[in-house]
Structure formats: structure tokens, C-alpha cells
Amino acid sequence: NVGLKAIYEKANDKLKKLFFVPFNLWLLDTLLNGGVDAKQISDMQTVVQLLGLYWEFRVVNKADSFDRENILRKAAQTMVRDSSLSVWKIDVFSRNKSDVLKGLLSDQMLVPVSSSEERIAFEHNMIFDYVVSRLIIQEDANSALNFLEKDPSRPIFLRPSIEYYFSRLWFSDRVIFWRIFWHFQFSGSNEYLNILPVITLVKEITDPSEFVPIQNRLDKATGVARV
């Protein structure tokens, strides 16, 4: 693919690493073939940022974006409830929104996974993970923690979604990121769940100054005053 080769040659080191994962290559190819500006793609550094571009391309920039979100939310909610990666089409079908569902199927954001085509799933499991991180886990500390602790299996089943969730917040809103990060550390009862935001933090920090909120918290806890 000439277009992908051109992007790779101009890409930053982090983006170049993404080229070695098949799903990321599919995502890059989908964006490029969909007319997304190559410059936008070249500026990306993480898969979550690429998924954000994909979301804009497949959902936000569509005339029926609100209805698309509702169907995708309903599909993801049902899958989370059932601990499944597919759902019956009838569970997300709305008679007056049939064209919206057809559009999602046509764009292959949702795809049939049974011979009868009555059961559908997200085209890739990572799309499911991203939808959950964006539409299901709320950007409110109490709501997010309560949702994830409600079922002991959720931190395992939704681990990729949780990582996407914190990574997306890291790049979009540091204030909300730190608020939810600290709430998970001090109010969470699931040790495995508590460590996931830390893993994201370690992955995403690129500059020593980004450790300042942690240092400030430690100083406050120990009574240390820095000049």
C-alpha cells in the first residue's frame, strides 16, 4: 500500500511501532482508504488515538451519529451484561432506526457472526473494547468504579477497555484522568482493578514533569514542603 508506506516513512517512532500489529495496520488502512487526512494519521502516537480517528470517521462525522452511538451503546451494554462478544440483532434493532443499523453493517462496524446473520458483533474485538471505554464506562469516578466492581469478572473481561479508557483520558483531559486515577487507588476494593490505571500511566508518561501530580500527592501525605 503506497499510502501506508508514505505514512510510515514520515511517522514518529511510536507510530512506526504500531505498524507491526495486524489490527493497527487494518485500522490505518481503513482510515486512509476512507479519506482521512494522512497528516492527521501521521501525528498519532497510540492505538487509542487511532481509534479516536476511526470513531470520528465511522460515527461522529455521520449525519446519524447520535443514533449510531445509541445502537453501539446498546450492543456493548448487552455484551457486557452477558459477558459475550456478540449479540442478537433483535436486541439492538429499532424499527424506526433500521437504516442506522444497516449503515453500521454496511460500514462493517458491526458484522454478522452466525449463518442466519441474526447474531452480530463488532468487526474486531478491539472495536468492542474501545466502544466500552467510550460509551459504557462513564467519566465520573464513582460511576466508573461502581460499574467495574459490580461484577467480579468485569476487570478481567474488560481489561482492554479499562486500559483504553485511562489512555484516552490521559490524552484528552488530565484533570479527569487524575481525579479518577486517585479514586481507584483509594476507594477501590479490587486490587487487580486498582493496578490497571498505574499500568496505563507507566505506558503513557514520556516526560519527568508528568510525575508531578504523584510527587505532590506523596509530599502531601508525608507532610513534605518543597520550595
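Not measured: the values here are computed from a predicted model.
Look at Asp107 and Lys102 and you find no salt bridge, because none of the NZ, NE, NH1 or NH2 atoms lies under 4.0 Å from a carboxylate O. Between Lys89 and Glu117, none of the side-chain N atoms (NZ, or NE/NH1/NH2) sits under 4.0 Å from a carboxylate O, so this pair counts as no salt bridge. Under 4.0 Å is where a charged nitrogen must lie from a carboxylate oxygen, and between Glu139 and Arg168 at least one such pair does. Electrostatic pairing of Glu210 and Arg174 counts as a salt bridge here, judged by a charged N lying under 4.0 Å from a carboxylate O.
Annotation: cation-pi geometry not satisfied between Arg134 and Tyr164 (NZ/CZ under 6.0 angstrom from ring centroid, within 45° of ring axis).
Open room surrounds CZ on Phe211; 12 or fewer heavy atoms of other groups in view lie less than 6.0 Å from it. More than 12 non-hydrogen atoms from other residues, nucleotides or ligands lie less than 6.0 angstrom from CZ of Phe186. Atom CG of Asp13 has 12 or fewer heavy atoms from other residues, nucleotides or ligands within 6.0 Å.
The six-membered or imidazole ring of Trp170 lies away from that of Phe181, with a centre-to-centre distance of 6.0 Å or more. With ring centers used as reference points, Phe177 lies 6.0 Å or more from Phe171.
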Practice item. Mind running side chain to side chain donor-acceptor pair (under 3.5 Å) on Asn142 and Asn146 for me, showing each step along the way? Key: CA-CA 6 Å; Asn142 284 320; Asn146 291 341; 5.4 Å; no

**Study point:** side chain to side chain contact (heavy atoms under 4.5 Å, CB included) between Met109 and Trp55, worked out
**Key:** CA-CA 10 Å; Met109 195 164 188; Trp55 185 260; 3.8 Å; yes

